[in-house]
Amino acid sequence: MTVSTARCKNIMESCFELYGMNRMGRMVTTSRSLFFLLLLLLLFFCVTLAALLPIAAAAEHDAVVKRLQEYLRIQTAHPDPDYTLVSDFLLSLATSVGLEARSWEFVKEKPVILLSWNGTHPSLPSLLLNSHTDVVPAQKEKWIYHPFSATQDAEGNIYGRGSQDTKSLGMQYLEAIRNLKAQGFKPARSIHVSFVPDEEIGGKDGMGAFVTSREFQALNVGIAMDEGLASSEDSYNIYFQERSAWKLIIKATGAPGHGSKLYDNSAFQNLITSLQTIYSFRESQIELLRSAARLEGEIISINNVYLTAGTPTPTGFVMNLQPSEAEAGFDIRVPPSADLGDLWRRIREEWAPASCNLTHTFTQSDPQDKGLSTQGTSRDDLQPWWALLKEAVYKANRTLGDLVIRPSATDARYLRNMGIPAFCFSPMANTPSLLHDHNEFLNVAEYIKGIAVYEEIVRAFASYADPVDFNQPVHCNH
Ligand SMILES: [Zn+2]
Ligand SMILES: [Zn+2]
């Protein structure tokens with residue numbers, strides 16, 4: 001036998017051994033061959049898993065997107081929101097996530113839905129995650145896609161009324177909880193996810209009715225999260241107070257007359273005198289913004305939302321008649337620090353003085369609401385939650401801006417008015433703020449990152465045990 005033949009034989013023997021066979025073809029159970037067999041099996045298992053995992057992840061991703069789209073497709077715009085469909089949708093989601101579901105009509109046909117995950121230490125004050133189910137109307141002819149189609153474009157942007165305000169947030173809460181459950185997390189505090197109606201029309205019959213109920217009291221809410229605003233930058237916006245919304249109507253009366261006649265004290269002249277004073281005040285506030293002396297939540301904004309006057313005909317207006325009445329509607333936003341006495345005086349004496357035949361009324365936001373919404377959670381009330389929140393967002397590899405005053409209103413004002421600290425935070429960064437605008441959208445990747453952020457927040461808040469509230473050891477499932 002030559003050297004090369006001998007080597008060849010040895011190699012063949014090794015190969016047979018590898019497959020557990022000797023030269024006679026009988027099975028030989030050597031520990032080496034068993035090891036290799038197991039290694040092969042393991043390799044097969046890993047390859048199969050590696051092939052299947054992305055398929056499962058893609059299916060899960062699709063399911064997450066579908067749930068958001070389904071919610072966005074429910075028509076909940078005022079004046080005719082379909083709260084019945086929303087209730088059915090949310091109650092069925094509660095079952096799939098494994099949450100206890102309750103629904104109350106504190107006001108008929110305006111359901112408040114509450115989905116709860118009971119904590120291991122239910123005596124601890126609970127965490128409330130709030131969003132609203134209603135949306136503002138949308139002019140479909142001004143949108144690229146139908147505002148209730150929830151169309152996803154090639155870049156992954158999902159268009160829909162409510163995609164920022166606030167259907168995405170409601171779904172992110174539930175997706176985060178779904179994931180935490182899958183990870184085996186056990187909250188120490190109970191977590192309640194509320195879906196309330198009518199926020200966009202003042203919230204009186206929604207959160208307003210809910211916070212004054214016995215059912216709400218029984219929840220013993222210690223900390224709440226509500227809607228924030230998208231940030232066009234890399235860091236998220238976060239709010240701890242908000243401006244209150246006043247809805248002012250100014251009416252002018254004046255002498256009617258022929259369209260050709262020039263005279264003083266026409267209704268339009270009186271209204272325009274008022275508008276000039278208002279617009280010069282408005283300019284002073286814009287200047288504070290321009291010069292960066294104040295942030296948007298720190299100035300008083302006033303904007304016209306309608307103007308009405310004239311004598312209508314079936315095809316337009318009578319064109320040679322000066323009307324005896326003219327009216328303007330305004331949206332005013334008032335920061336908590338504003339001198340309310342001064343604003344009242346301004347309205348009475350400068351914007352709608354009786355001497356110019358002007359009168360004013362308020363709609364939707366009543367004087368009580370002004371008192372209510374100017375009360376904010378102080379920075380002190382927000383400890384330890386603010387520290388926990390910052391850490392949670394950091395853990396999710398995202399960044400958070402400073403705590404500031406939100407320019408527009410939310411239902412959090414009802415909670416703060418009950419003494420409950422509340423943050424307004426929607427995890428939407430690198431996103432233009434398009435709430436109430438045409439073509440409201442949210443990118444799906446940003447939406448999914450937001451779920452991870454809320455996972456960390458819920459984990460941190462629900463695990464936190466204040467020694468004052470609680471003197472037994474809490475199992476914190478970090
Ligand atoms: Zn909103
Ligand atoms: Zn809104």
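Both counts, for ligands and for their atoms, begin at 1 and track the order of listing.
- E199 and D411 get closest at one heavy-atom pair: CG-OD2, 3.3 Å.
- For W386 and F425, the ring centers sit 6.0 Å or farther from each other.
- Separation of the W246 and F362 ring centroids falls under the 6.0 Å cut-off.
- Using a 4.0 Å cut-off between charged side-chain N and carboxylate O, K204 and D198 make no salt bridge.
- Between K66 and D62 there is no salt bridge, since no side-chain nitrogen of the basic residue lies less than 4.0 Å from a carboxylate oxygen of the acidic one.
- In this structure, F330 has its ring center no closer than 6.0 Å to that of W351.
- Within a radius of less than 2.8 Å around the Zn ion (ligand 2), the protein N, O or S atoms are D165 OD2, E200 OE1, E200 OE2, H436 NE2.
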